[in-house]
Amino acid sequence: MSAYRVKGAGRVNHDAPVRFTFDGKSYTGLRGDTVASALLAHGVHLMGRSFKYHRPRGPLTAGSEEPNALIGTARDKSRFEPNTRATVQELRQGLVTESQNRSPNLKFDVGAINDRLHMLFSAGFYYKTFMWPRSFWDKVYEPVIRAAAGLGRPPTELDPDTYASRYAHTDLLVVGAGPAGIAAALSAARAGARVILVDENPEMGGSLLADPAVTIDGKKAWGWLDHSLGELAELGVKLMTRTTAIGYYHQNMIGLAERLTDHLDEVPEGAPRERMWRVRAKQVVLAQGALEKPLVFNGNDRPGIMLAGAAQTYLHRYGVRVGDRAVILTAHDSAWYAAFDLADAGTTIEAIVDTREEPRSDLRAEAERRGIKVLAGYTATETAGRLRIRSVKVNPVKNGKIGEGRTLQCDCLLVSGGWTPSLHLFSHTKGTLKWDPEGGAFLPDRKSEECEIAGAGRGLWGYEAVLSDGSDAGANVAEALGLEPQRSPYPVEADRTGGGVNVDELPNDKKPSHTRSFVDYQNDVTAKDIRLAVREGMKSIEHVKRYTTNGMATDQGKLSNINGLLIASEALGKSPPQVGLTTFRPPYTPTTFGTFAGYHRGSHFEVTRKTPIDSWAEENGAVFEPVSQWRRAWYFPQAGEDMEAAVSRECAATRESVGIFDASTLGKIEVVGPDAAEFMNRMYTNPWTKLAPGRTRYGVLLGEDGYVRDDGVIGRLSDDMFHVTTTTGGAARVLNMMEDYLQTEWPDLKVWLTSTTEQWAVIALNGPNARKVLEPLVEGLDVSADAFAHMSVADCTVAGVPARLFRLSFTGELGFEVNVPARYGRQVWEALMEAGKPYDICPYGTETMHVLRAEKGFIIVGQDTDGTVTPDDAGLGWAVGKKKLDFVGMRSLKRPDLVADGRKQLVGLQTEDGTIKLDEGAQIVADPDQPKPMKMLGHVTSSYRSAALGRSIAMALIEDGRTKMGETVYVPMPDGVHRATITSTTFYDPEGERVKL
């Protein structure tokens, strides 16, 4: 048996040993242990190093709020996780664990030199140190900071585990299965409510697991617990352990992270590691209890210094004494009970040191009965011990004066500064808090959701009060659900009631500059740091937080926020509510990315939409690229071709004969109704009233700010019906924008909007032989040049399938777009391919489409625009109706900044060396020899090699670009600076004759 294991004690299985390793050394724990409890059973307190100073640290707590004992855990090489809390990680056979933030080892860490130089690393030192000399940033400061940043080492292998997600609906969700939560669940379930009870621990019971001597309703605590959980199961309550409520969202939606397999020796085939639950509850009871506060005093961070409540938990839940000789330092009655329990288990209590001058007489009597020395009205001024505490110096305090101290030998120091209600989830709901000056904590005030807060979470203390409050909360919920609850009393014997005093930093007999009292253990934030922040002008608690990093560790301030607030309040001379509290945000505890991702990984990471013609493209060797959520054919390589060769061939074939392209991903919206033309007039920059049925027009859509949001060709099918096309990525956005205006701005218009993106498969035929391929397959329409002019639309039949045929071109060649019902898309595509064989018809992909459109100067919204481009900037001023009275964004186009000189305008670029292809996104300068920092004129938006022109071409947004035609600019790239001439964006067929064939 381990040296500090109490035979037969705790809720662990003493007959089930579990082997694990820590930093390469083998240890034995018991089934039910955490890594922390198992190591403590072997007398190991040193488990980690702090972030900034690399100070040795041991576990401070026994729960998920732990800031110190962070370790790396592994099941195998591919299943490694850093920053696991040793206080939460359950033992399993063969578990491999390692300490973090140390080199070469935990006992001797060269990073501890920072501790010797701590005077150089006071709060905010990074704001003052790394500003000068400026030239040091790139080669000195940034590399050093990056090397020092972070805790633990990142995984190097792909995560092989799977993660799941589920939804649930219930009448009541109870968060926290301590006494208050169980009582609430019982009241509601007995009344007939559907209840889910969740707890982050492997066992339900909360504080009762560490207080077995308490008697509830005639039963010992653990007996009452077993009986109550059995009744809940019989009532159909869903009991969820190892499940953390990580966030509380609008309309009573709570996110739950359930850990499924990390505690198992072997993972069943296909079992997910973790599951995210999204629970929608009619009512919620938050019974999360309270967190014990550390005391802030000089040297309060050594291994062996632990919260008194944590020591009590290790004793009763895990059967582990945290030391042989303990000193208790407290400002609250609860630590006395921990002292009594440890003394009864065989630990020598050197003294109970209480900061209060008059502790409760009954507690004194119990201490005297056990022969425990009591030092009332004392403070702690110093501790000693490098890798574990060996002594603490305490001094009497009388009338504000500190007397002569005495040194108490110990191997553990158990502290308690009182308790802070856990209100993180309540704060997620924007519920307000009120300050309780007597308890020294914030309590829940006004609620914004249908929830109740019960037990210690609202400042109650003592089991009888907490159980009664939980029962009332469950009954209140049942009544709100229209049920008839029965309120049950819970008489408690040997109740452990009590209170305490509120302290910020314990008084000390040393100069402030010679003390180091830690507030945030992980980030090494001291009381001095917080006072320094105040002296340097940080009056808001949020500014203090960011200046000092207090509360920014992985525990998110669960232990440090209140102490930090009290110290800042004292330094500012204000009350705590005047200073305020920092914002609590989800998740409540660190949560894996896998849990959030759930099933969305690999091929399931995002929905992949495929066109009806996708299967043909795959069968014919297409290389695909993602565009928005669509999988699109990028290019069709033939034997021995790389991408550049394939695209060059596809471009040439389309320009010389005929190319075929799958354009099904274009967004399509039908605008129908008596006021359809008026609606289009108001949405788009162009005029639409006089557009004749059977004709199409290019349309530009702006945002309220006057910037281009989308574009597309729009066909008028009848007086009251328009077929609107959008960019592939803009379909949903445009429809949402239209619906928004229709419902909120112009509800008087009689217009109906229907998304038809997936109703139509679209096949684009382009090239001088496009009509020859299409014409034999068309019935019911004359598609000759005279009868079916460019920018026309009509219904007809193609290859025996009803079709909507557009004559338009995004390539500058004679072009048609054949719209057919999606289920016939591949059938019509194959018919066109067969008809095109005599003309060597060539399927082409999105890259060729980009090259062909760029040769003609046609823009792509989102590539050649960046959210700050007006129609005039993009060379689309002609598409803005000059006589229109109004349209979305019209007024913004008249703002001074949008008509001022110096705006970036879209122009063409031709490099001096035509073999050089410019990098998209590359910056453009007028003079490459100008002193740094250089003035940037703009950037390259599109860049391609053009087979038709025999050279590279590019488009760019350049300051006053249209006034600089013919001028030379310079484009710095990794391989050198390249000269380019500013040209028109139309590189090919500037007269537009080929589209008229």
Side-chain angles (χ1 to χ4, degrees), residues 4-14 32 37 40 62-63 177-183 199 201 203-230 289-290 292 306-323 326 328 330 332-349 352 359-372 374 412 414 416 419 455-456 460-470 489-500:
Y4 295 91
R5 183 77 71 179
V6 181
K7 186 176 181 180
R11 298 179 67 86
V12 293
N13 187 346
H14 289 262
S37 67
L40 289 171
I182 291 173
D199 196 276
N201 295 295
E203 281 191 280
M204 292 185 171
S207 58
L208 291 175
L209 298 176
D211 259 339
V214 173
T215 299
I216 303 171
D217 203 12
K219 302 180 182 69
K220 286 294 185 180
W222 291 358
W224 179 86
L225 185 60
D226 292 341
H227 175 80
S228 298
L229 293 176
E292 195 167 14
M306 183 183 296
L307 293 174
Q312 196 172 358
T313 297
Y314 285 118
L315 176 62
H316 291 302
R317 283 185 62 184
Y318 304 108
V320 174
R321 294 182 303 109
V322 295
I328 313 298
T330 184
H332 195 275
D333 294 337
S334 63
W336 290 68
Y337 296 112
F340 301 156
D341 288 355
L342 282 166
D344 294 345
T347 293
T348 299
I349 306 300
I352 296 177
R360 276 170 37 191
S361 58
D362 61 324
L363 295 176
R364 274 183 174 272
E366 281 293 314
E368 290 175 6
R369 186 173 68 81
R370 292 174 173 82
I372 300 173
V374 176
C412 61
L414 310 181
S416 178
W419 297 79
L460 299 180
W461 196 258
Y463 287 109
E464 189 161 334
V466 164
L467 285 162
S468 177
D469 194 55
Y490 290 96
V492 175
E493 299 174 21
D495 200 354
R496 291 186 163 184
T497 59

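- Sorted by first and then second residue, the side-chain hydrogen bond (donor to acceptor under 3.5 Å, both in side chains) pairs with a member in residues 314-323 read His316-Asp341, Arg321-Asp324, Arg321-Thr347; sequence neighbours excluded.
- Aromatic ring orientation, Trp419 versus Trp461: tilted (interplanar angle from 30° to 60°).
- Here the shortest heavy-atom pairing between Ala180 and Val466 reads CB-CG1, 3.5 Å.
- Proximity of Arg364 to Pro359: side-chain heavy atoms (C-beta onward) are separated by under 4.5 Å at one or more points.
- Interatomic distance, Ile349 CD1 to Ile372 CD1, rounded to the nearest 0.5 Å: 5.5 Å.
- For Gly32 against Val12, the heavy-atom pair with the smallest separation is C-CG1, 3.7 Å.
- Using a 4.5 Å cut-off on side-chain heavy atoms (C-beta onward), Val492 and Thr215 make no contact.
- For the pair Leu342 and Leu414, the minimum side-chain heavy-atom distance is below 4.5 Å.
- Of all heavy-atom pairs spanning Gly205 and Pro179, the tightest one is O-CD, 3.8 Å.
- Glu292 places a side-chain N or O within 3.5 Å of a backbone atom of Gly309 that can act as its donor or acceptor partner.
- Distance alone, capped at 3.5 Å, is enough to place a donor-acceptor pair between the Asp199 side chain and the Ala177 backbone.
- Scanning all heavy atoms of the two residues, the minimum distance from Leu209 to Met204 falls at CD2-O, 3.7 Å.
- Judged by a 6.0 Å distance limit and a 45° cone about the ring axis, Arg360 is not positioned over the six-membered ring of Trp336.
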For Glu366 and Arg370, what are the C-alpha separation, side-chain angles and deciding distance, and is it a salt bridge (charged side-chain N to carboxylate O under 4.0 Å, His left out)? CA-CA 7 Å; Glu366 281 293 314; Arg370 292 174 173 82; 2.6 Å; yes
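- Two residues are said to be in side-chain contact when any heavy atoms from C-beta on lie closer than 4.5 Å; Leu307 and Ser416 fail this criterion.
- Tyr463 OH to Tyr490 OH: the interatomic distance, rounded to the nearest 0.5 Å, is 15.5 Å.
- The shortest side-chain heavy-atom distance between Lys219 and His227 falls under the 4.5 Å cut-off.
- Under the 3.5 Å distance criterion, the side-chain polar atoms of Trp222 are matched with a main-chain donor or acceptor of Leu208.
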Hey, mind stepping through Phe340 and Ile328 against side-chain contact (heavy atoms from CB on, under 4.5 Å) and telling me if it holds? CA-CA 10 Å; Phe340 301 156; Ile328 313 298; over 6 Å; no
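- Considering only heavy atoms from C-beta on, Leu363 stays 4.5 Å or farther from Val374 through its side chain.
- Judged by distance alone, the side chain of Lys220 and the main-chain N or O of Pro212 form no donor-acceptor pair under 3.5 Å.
- In terms of heavy-atom proximity, Ser37 sits nearest to Val320 at O-CG2, 3.6 Å.
- Residue Glu493 holds its CD atom at 10.0 Å from CD of Glu464, rounded to the nearest 0.5 Å.
- Contact detail for Gly500 and His332: the closest heavy-atom pair is N-CD2, 3.6 Å.
- No side-chain donor-acceptor contact under 3.5 Å links Asp211 and Tyr337.
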